[in-house]
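Okay, structure first, notes after.
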Amino acid sequence: MMITLARGAAALALALLPLSLPTTAHAAPSAPEILPIGVAVTELPVATESRTGYQRDAFKHWTSGDNPSDGCSTRNEVLLAEAVIAPTVGPRCALTGGAWFSYYDERAINAAGSLDIDHMVPLAEAWDSK
């Protein structure tokens with residue numbers, strides 16, 4: 001009988017436990033604030049840039065590409081894949097001619113050397129702005 005009473009008391013305590021625990025209020029998520037672009041830009045945090053510790057050599061450059069034996073770097077492979085008019089591929093994957101289309105400013109580019117395809121923000125600027 002004592003065991004039955006102990007079990008009953010334990011069950012009652014467990015049943016009442018949720019009633020005795022503090023509850024936390026959960027606020028409904030608020031809608032994101034929508035600002036005009038000019039206002040949003042002025043609210044971005046601004047800090048002094050620092051180039052301390054930056055070394056360009058610390059960043060690995062172009063790899064030898066998918067097929068190291070053809071001499072084409074990853075950059076040249078991307079140029080070949082993205083060309084709207086294929087360039088001529090010379091020894092060691094030197095590219096001449098060809099044309100590319102810039103979706104950013106909607107113009108044709110006829111010199112592969114004037115294209116930056118590796119990163120949209122220069123490494124030094126990204127380092128300064130970390």
Side-chain angles (χ1 to χ4, degrees):
M1 174 140 152
M2 290 300 283
I3 293 175
T4 305
L5 284 175
R7 285 184 185 160
L12 180 62
L14 288 174
L16 296 175
L17 184 63
L19 299 175
S20 65
L21 294 176
T23 59
T24 57
H26 294 286
S30 60
E33 185 178 4
I34 299 173
L35 302 171
I37 188 70
V39 174
V41 168
T42 63
E43 292 193 13
L44 290 172
V46 177
T48 303
E49 293 184 345
S50 170
R51 193 152 303 173
T52 304
Y54 173 77
Q55 293 179 349
R56 177 62 181 94
D57 296 347
F59 296 91
K60 190 174 182 176
H61 207 56
W62 297 106
T63 67
S64 57
D66 287 337
N67 181 1
S69 66
D70 69 3
C72 286
S73 67
T74 305
R75 180 182 196 282
N76 282 1
E77 288 179 353
V78 171
L79 288 169
L80 288 166
E82 297 291 323
V84 292
I85 298 173
T88 301
V89 181
R92 298 175 40 127
C93 202
L95 304 181
T96 55
W100 295 265
F101 182 74
S102 170
Y103 296 98
Y104 298 102
D105 51 11
E106 298 184 350
R107 64 184 186 101
I109 309 294
N110 295 317
S114 64
L115 293 168
D116 287 324
I117 62 166
D118 52 344
H119 37 251
M120 297 308 297
V121 176
L123 287 172
E125 177 61 30
W127 182 274
D128 293 351
S129 301
K130 62 183 178 190

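Index from 1, following the sequence.
- Side-chain contact check for Arg75 versus Leu115: some heavy-atom pair is nearer than 4.5 Å.
- By the 4.5 Å heavy-atom criterion applied to side chains, Arg107 and Phe101 are not counted as neighbours.
- Listed by first and then second residue, the disulfide bond (SG atoms under 2.5 Å apart) pairs involving residues 71-103 are Cys72-Cys93 (not counting sequence neighbours).
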Subject >> Criterion side chain to side chain contact (heavy atoms under 4.5 Å, CB included) on Thr88 and Leu95, from CA distance to verdict >> reply: CA-CA 6 Å; Thr88 301; Leu95 304 181; over 6 Å; no
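- Between the side chain of Trp100 and the backbone N or O of Leu79, at least one donor-acceptor pair lies under 3.5 Å.
- Counting heavy atoms from C-beta outward, Ser50 and Asp128 have side chains that stay 4.5 Å or more apart.
- Of all non-hydrogen atoms in Ser114 and Ala111, the two that sit nearest each other are OG-O, 2.7 Å.
- Looking at residues two or more places apart in sequence or on another chain, you find no side-chain hydrogen bond (donor to acceptor under 3.5 Å, both in side chains) involving Glu82.
- Annotation: side chain to side chain contact (heavy atoms under 4.5 Å, CB included) contacts of Val46 (sequence neighbours excluded): none.
- The distance from atom CG of Asp70 to atom CD of Glu77, rounded to the nearest 0.5 Å, is 6.0 Å.
- Note on Val39 and Ile34: separate hydrophobic clusters, where clusters join Ile, Leu, Val, Met, Phe, Trp and Tyr whose side-chain heavy atoms are under 4.5 Å apart, directly or indirectly.
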